[in-house]
Number of protein chains: 2
Amino acid sequence: MSVKHILLGVLSWAPNSGYGIKSEVEYYGRELGWGRVSFGSIYPQLKKLEHQGFIKTESAEEDGRKTKIYELTAKGWRELSNWLEQPPVFPEVRDELLMKLSFWDTGKPEDRELLMDHLELRRKETKQMLHHFEQWSTNGYSAISEIGGLEMDYLKDRLRFDMEWYERMIRQLERPPTSPRQDPRGLFKKASQRKKHAFSESKDMT
Amino acid sequence: MSVKHILLGVLSWAPNSGYGIKSEVEYYGRELGWGRVSFGSIYPQLKKLEHQGFIKTESAEEDGRKTKIYELTAKGWRELSNWLEQPPVFPEVRDELLMKLSFWDTGKPEDRELLMDHLELRRKETKQMLHHFEQWSTNGYSAISEIGGLEMDYLKDRLRFDMEWYERMIRQLERPPTSPRQDPRGLFKKASQRKKHAFSESKDMT
DNA sequence: TTTACCATGTAAAATGTTACATGATTAG
DNA sequence: CTAATCATGTAACATTTTACATGGTAAA
């Protein structure tokens, strides 16, 4: 249950509403490794957490704009602390770009320019993310602790590292294709044969 | 539907069984950005893909060991190719270590040694992953294409980059705590007050 | 006055994991 | 002979997103 701890964590920064939490996740979440959270999981989860006594409604304006501000209870602070104590599990990253890189040669060989487009897109997105990051780390408005600052330095450095690598890959693809580094069982040759065979078989059917 | 394309991709390397695909994902998946896949999603998905005509059963040993080997059809190759064409979406990373770093100061301040343990654990896991990686990139058995090799170089370099940063963070935590980089609205002070307040209130209840 | 933003909520669908059931083969 | 590995499958559960419904407020 990951969303639960994001909610408790964001509320540890300051009391907030469901909508407000969503904004925080939107603004900080991607870079800080929280991923994304939708309203459809925030609101039911907040209700559940309140029911379980981890958070309580601090104020609710019933008239006009109906905003419920939640705050952590003692039980909630303890729950957050307990979670922070647990050793963090190694993350499962599912990155479509990396997936495509690993299947490119058998699934779509030759088309190097298309792959360059993918890499260029990723490079741009990474650049934007870095800008967004640099903005809120220097706008003087966000609270940045010692540890949070360390995390930020790491993440900014990593975005720069990634950008350099995307550029390096693009430069490599600009050059003519080279043969595989190693192919002991002739997998790549076989793959193109299997592909041809599959298409020739399907033509027989027509 | 992410699992679908992992299955098609792995089958593009070579015909394989459900069990065999699971092994490939286990062995290569984490590093190559595929994440993990369980049998509970592989077998039903393979049936579905066969029903939809993307793959077909190439051979099935009915007697004794019942192994079904799947192979891509022309439709399957096309589907893989179409997917590879689509611009890859920027990944949503949910990393518990990063999450904990961003909530540490309000949720569990003071306890720097515990955080150092977390970082040390991650450093070790990263090191192991790098070793595993270096092994199969030099064992002479795995097929490595030009693009796959490029991806590997990137991922190995990134693991080394991460390890260095974890070490840097540990060294920082060995030093005495410093005050926040910036805290314009006094958030960190307020947080510790709110925490104290929550606990004093819960004591009144007893 | 209309667009953008603030604000909460629910139901259905998608996607996936965990846990179980079953049984063959191989290596120590 | 027994543990590990090979091999397939299902049902229940968990988690989360998507899409919808509803309505207030502020700025252009």
Looking at residues at least two apart in the chain, or sitting in another chain, which of them share a side chain to side chain donor-acceptor pair (under 3.5 Å) with [X]?
{"X": "E120(A)", "value": "R123(A)"}
{"X": "W165(B)", "value": "D157(A)"}
{"X": "R168(B)", "value": "none"}

Have a look at the helix from dT1(C)-dA28(D) to dG28(C)-dC1(D) and give the angle its two end axes make, five pairs each, rounded to 10 degrees.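 The value is 40°.
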Check step by step if salt bridge (Lys or Arg N to Asp or Glu O under 4.0 Å) holds for R36(B) and E26(B). CA-CA 7 Å; R36(B) 285 178 155 184; E26(B) 212 94 304; 5.1 Å; no
Going by ring pair (Phe, Tyr, Trp, His ring centres under 6.0 Å), name the residues that satisfy it together with [X], two or more places apart in sequence or in a different chain.
{"X": "Y19(A)", "answer": "F39(A)"}
{"X": "F103(A)", "answer": "W13(B), W34(B)"}
{"X": "W77(B)", "answer": "none"}

Using atom [atom1] of [X] as one end and atom [atom2] of [N] as the other, report the distance to the nearest whole Å.
{"X": "Y43(B)", "N": "dT17(C)", "atom1": "OH", "atom2": "C1'", "answer": "16 Å"}
{"X": "K4(B)", "N": "dA14(C)", "atom1": "NZ", "atom2": "C1'", "answer": "14 Å"}
{"X": "I42(B)", "N": "dG9(D)", "atom1": "CD1", "atom2": "P", "answer": "12 Å"}
{"X": "Q45(B)", "N": "dT15(C)", "atom1": "CD", "atom2": "C1'", "answer": "10 Å"}
{"X": "H5(B)", "N": "dG16(C)", "atom1": "NE2", "atom2": "P", "answer": "11 Å"}

Do R78(B) and K75(B) come within less than 4.5 Å of each other through their side chains, counting heavy atoms only? yes
Mind checking whether I170(B) and H118(B) have side chains closer than 4.5 Å, heavy atoms only? no
In residues 131-138 of chain A, what donor-acceptor pairs under 3.5 Å come from side-chain atoms, sequence neighbours left out?
residue	atom	partner	partner atom	Å
H132(A)	ND1	E31(A)	OE2	3.1
E134(A)	OE2	R160(A)	NH2	3.3
S137(A)	OG	F133(A)	O	3.2
S137(A)	OG	E134(A)	O	3.1
S137(A)	OG	K156(A)	NZ	3.3
T138(A)	OG1	E134(A)	O	2.7
T138(A)	OG1	Q135(A)	O	3.4

dT8(C) phosphate, OP1 or OP2: any side-chain N/O from K47(A) under 4.0 angstrom?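 The answer is no; no side-chain N or O of K47(A) sits under 4.0 Å from OP1 or OP2.
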Using a strict heavy-atom distance below 4.0 Å, which residues from residues 8-27 of chain A are in contact with DNA chain C? S17(A), G18(A), Y19(A)
Listed in order of residue number, which residues of residues 88-103 of chain A have a non-hydrogen atom at under 4.0 Å from DNA chain D?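 Per residue number, the list is empty: none.
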Would Q86(B) and E96(A) count as having a side-chain donor-acceptor pair, cut-off 3.5 Å?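 No, E96(A) and Q86(B) have no side-chain donor paired with an acceptor closer than 3.5 Å.
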Using a strict threshold of under 4.0 Å (side-chain N to carboxylate O), is an ion pair present between E146(B) and R181(A)?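 Salt bridge between R181(A) and E146(B), a charged N being under 4.0 Å from a carboxylate O: no.
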Pairing residues for D162(A) by the salt bridge (charged side-chain N to carboxylate O under 4.0 Å, His left out) criterion, not counting sequence neighbours: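 Scan of D162(A) (salt bridge (charged side-chain N to carboxylate O under 4.0 Å, His left out), adjacent residues dropped) gives none.
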The contact string for nucleotides 18-23 of chain C, one letter per nucleotide 5' to 3', using protein heavy atoms under 4.0 Å with B, S and - for base, sugar-phosphate only and none, comes out as B-----
